[in-house]
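Okay, so here's the structure we're looking at.
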Amino acid sequence: MANFQQQIEKAKQLKPEKISKELFKFIRSIEKQILDKNKEQIFENSQDIHGQAIGFYSYATEQITKGRKKKGDPFDGKDTGDLFKQMYIQEVSGVIRFGSKSPHYAEILKSKSWLSKDILGLTDENLNQLIETELKPFIIAYYRKILEL
């Protein structure tokens, strides 16, 4: 067991830059899980990052899909081509941003059919769940390792 002075020396290793670097590496390691959570949020709940509906199908869509999608049903985002296959997460100045390299994403942002342009990213509920199940355990384990607890 380390004495007080030894623990202080270990604690000095907890530098913000190093913690940020390790946290960033960890977030990159769970990027697929984060993106899958965003897809689920859209495919299953038809929600944008604010928990609001992303849109509803029209009568024309009902006709085109031969009733597979009914007028008034919430958008599920499943027919957006390669939008979700080309999703990515990017860190810019300490901020994690979601995006898609798909040309369909630009179409969605211009479309008046979609009620929201804020579709790539997590709701507060999903983000809090990710923090509790993934980030918090990582941070606790990281601190325990550095402090040798």
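Excluded from the calculations below are hydrogen atoms, water molecules and symmetry mates; all remaining heavy atoms, backbone and side chain alike, are included.
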Please tabulate, for the side chains in residues 129-137, all donor-acceptor contacts under 3.5 angstrom to protein atoms that are two or more places apart in sequence or on a different chain.
residue : atom : partner : partner atom : Å
Gln129  : OE1  : Lys37   : NZ           : 3.0
Glu132  : OE1  : Lys136  : NZ           : 3.1
Thr133  : OG1  : Gln129  : O            : 2.9
Glu134  : OE2  : Gln33   : NE2          : 3.2

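Sorted by first and then second residue, the side chain to side chain donor-acceptor pair (under 3.5 Å) pairs with a member in residues 54-66 read Tyr57-Lys69, Tyr57-Asp76, Ser58-Thr61, Tyr59-Gln63; sequence neighbours excluded.
Cluster membership check: Ile27 does not share its hydrophobic cluster with Ile49, using side-chain heavy-atom separations under 4.5 Å among Ile, Leu, Val, Met, Phe, Trp and Tyr.
Put simply, the residue from Gln13, Lys12, Gln6 that forms a side-chain hydrogen bond (donor to acceptor under 3.5 Å, both in side chains) with Glu9 is Lys12. When Asp124, Asn128, Thr123 are each tested for a side-chain contact (heavy atoms from CB on, under 4.5 Å) with Asn126, only one passes: Thr123. When Leu109, Asn38, Ile42 are each tested for a side-chain contact (heavy atoms from CB on, under 4.5 Å) with Ile119, only one passes: Ile42.
Between the side chain of Gln41 and the backbone N or O of Gly121 there is at least one donor-acceptor pair closer than 3.5 Å.
Through chains of ILVMFWY side-chain contacts below 4.5 Å, Ile8 is grouped with Phe4.
The minimum heavy-atom distance linking Asp48 with Asp118 is given by the pair CB-O, 3.0 Å. Heavy atoms only, all atoms of each residue included: Ser46 and Phe75 are closest at OG-O, 2.6 Å. Pairing each heavy atom of Gln47 with each of Ile54, the nearest pair is C-CG2, 3.6 Å. The two residues Ser116 and Ala53 make their nearest non-hydrogen contact at CB-O, 4.4 Å.
Partners of Asn45 according to the side-chain hydrogen bond (donor to acceptor under 3.5 Å, both in side chains) rule, which considers only residues two or more places apart in sequence or in another chain, do not exist here. Among residues two or more places apart in sequence or in another chain, the ring pair (Phe, Tyr, Trp, His ring centres under 6.0 Å) test is passed with Tyr143 by none. Residues passing the side-chain contact (heavy atoms from CB on, under 4.5 Å) test with Pro103 are Asp82, sequence neighbours excluded.
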Checklist entry - Should Phe56 and Asp73 be marked as a side chain to side chain contact (heavy atoms under 4.5 Å, CB included) after you check the CA-CA gap, both sets of side-chain angles, and the distance that decides it? => result CA-CA 5 Å; Phe56 298 94; Asp73 285 351; over 6 Å; no
Next on the checklist: Assess the residue pair Glu107 and Lys110 against the criterion (salt bridge (Lys or Arg N to Asp or Glu O under 4.0 Å)); give the C-alpha distance rounded to whole Å, side-chain angles, the decisive distance to 0.1 Å, and a yes or no.
Outcome noted: CA-CA 5 Å; Glu107 291 171 22; Lys110 291 178 187 173; over 6 Å; no
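With a 4.5 Å cut-off on side-chain heavy atoms, Leu35 and Phe84 do not count as touching.
The aromatic ring centres of Tyr88 and Phe98 sit 6.0 Å or more apart.
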